[in-house]
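Each chain gets a letter, A, B and so on, in the order its sequence line appears, and its residues count up from 1.
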Number of protein chains: 2
Amino acid sequence: MAQNPVKILQNHQLRITNCRKEVLRTFMEKKSALSHADLEEDLKEVFDRVTIYRTLKTFLETDLIHKVLDDSGATKYALCAHGHEGSHNRHDHEHVHFKCEACGRTICIDEVSLPKIKLPEGYVNKEVNLLVTGVCNKCS
Amino acid sequence: MAQNPVKILQNHQLRITNCRKEVLRTFMEKKSALSHADLEEDLKEVFDRVTIYRTLKTFLETDLIHKVLDDSGATKYALCAHGHEGSHNRHDHEHVHFKCEACGRTICIDEVSLPKIKLPEGYVNKEVNLLVTGVCNKCS
DNA sequence: GTTTATGCAAATTCTTTGCAATACT
DNA sequence: AGTATTGCAAAGAATTTGCATAAAC
């Protein structure tokens, strides 16, 4: 399994550029969902705002990151947990996210698995997203 | 239980204005989550864009509506199911939303109840939001 | 009559697009 | 060398703020 930014980019057939490496590194380091603004805060001295937008777009299209639901209005993104191993199936995305009201961070809770949802007749379920809001272990 | 816009506004100690009545009526009529843009489309001839923003803000603060998670980026809102009865508890918001990829509508699925989620040690659960993406009964 | 909401203009913020210069393979 | 990515400028949306007028209580 890939573990460093360069290998991940190679696995996804993306050119290796400084911005992509740094964005990836930031996701790996922060271990929480990040918005464009979060990334910009860390990287604005080095890369243009627009480049970060385009990097996120590219990563989304390559299934390297995915959108994380959030009630703050800002779109947040997180690394696809096993995306680096080449398993590009949709269910990579199906996990539980936890948003802390105190520190504002959104993280993936891997320990909790998603319950099966039975929908009414005629509904086709493609993807399930669960967001729990509350206070995290560091803030409580 | 209150059922018309005027009574709902009274119950929430809000002044009765045309814009508030119309926004409420639209939510009741459409029965799906609406974004500011959705409301504007219906009401722009009558009310200013800004007034609709402010109405949504007021309704949010009064717990008359709540944010609905959505992966489209646009913030959507929905009526709090029992908010009109004066029960302002947080669990009003805990339902399952379904977003149809075909028609783009987001609706509340009342038939499905939220599974209990057990979080890791130290996490305090305040609110649970579940979004299922797929195809609805009308589009499938 | 006093308080609160509205409409309009304008300021901010967020996101996208075009294009020449640069970096990657 | 050839193609994709970047930075900058600028356009386009989305959202917020200030203030005078109008509506609600």
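- A salt bridge does not link D38(B) to K30(B): none of the charged nitrogens lies less than 4.0 Å from a carboxylate oxygen.
- Side-chain contact between H36(A) and L56(A) is present, with at least one heavy-atom pair separated by less than 4.5 Å.
- Checked against dG7(C), dA23(D), dT15(C), the side chain of H36(A) finds its nearest nucleotide in dT15(C).
- Taking each heavy atom of T133(A) and F98(A) in turn, the nearest pair found is C-CE1, 4.4 Å.
- Computed from coordinates, the L39(A) CG to dC14(C) P distance equals 14 Å when rounded to whole Å.
- At most 12 heavy atoms of other shown residues, nucleotides or ligands fall within 6.0 angstrom of atom CD in E41(B).
- Between T17(A) and dT5(D) there is no side-chain N or O to OP1 or OP2 distance below 4.0 Å.
- The interatomic distance linking Q13(A) (CD) with dT5(D) (C1') rounds to 17 Å, in whole Å.
- Note: CG (L56(A)) to C1' (dT6(D)) measures 15 Å, nearest angstrom.
- Residue order along DNA chain D, read from the 5' end via each residue's closest nucleotide, puts R20(A) first among R20(A) and T75(B).
- The nearest whole Å value for the distance from the NZ atom in K44(B) to the P atom in dC8(C) is 15 Å.
- Nearest heavy atoms, C100(A) versus V135(A): SG-CA, 4.0 Å.
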Enumerate the protein-to-nucleotides 16-19 of chain D contacts in which both atoms are nitrogen or oxygen and the separation is below 3.5 Å.
{"residue": "dG18(D)", "atom": "O6", "partner": "R54(B)", "partner atom": "NH1", "Å": "3.4"}
{"residue": "dG18(D)", "atom": "O6", "partner": "R54(B)", "partner atom": "NH2", "Å": "3.4"}

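- Here dA5(C) presents its C1' atom at 14 Å from CD1 of I52(B), a figure rounded to the nearest Å.
- Counting heavy atoms from C-beta outward, L39(A) and F47(A) have side chains that stay 4.5 Å or more apart.
- One atom, CG of D48(A), and another, C1' of dT22(C), lie 14 Å apart when rounded to the nearest Å.
- Scanning both residues, D70(B) and L131(B), for their nearest heavy atoms gives CA-CD2, 4.3 Å.
- If you measure from atom CZ of F59(A) to atom C1' of dT5(D), you get 12 Å, rounded to the nearest angstrom.
- When rounded to the nearest whole Å, the span between CG of D38(B) and P of dT15(D) equals 11 Å.
- Between the side chain of R15(A) and the base of dT3(D) there is at least one donor-acceptor pair of N/O atoms closer than 3.5 Å.
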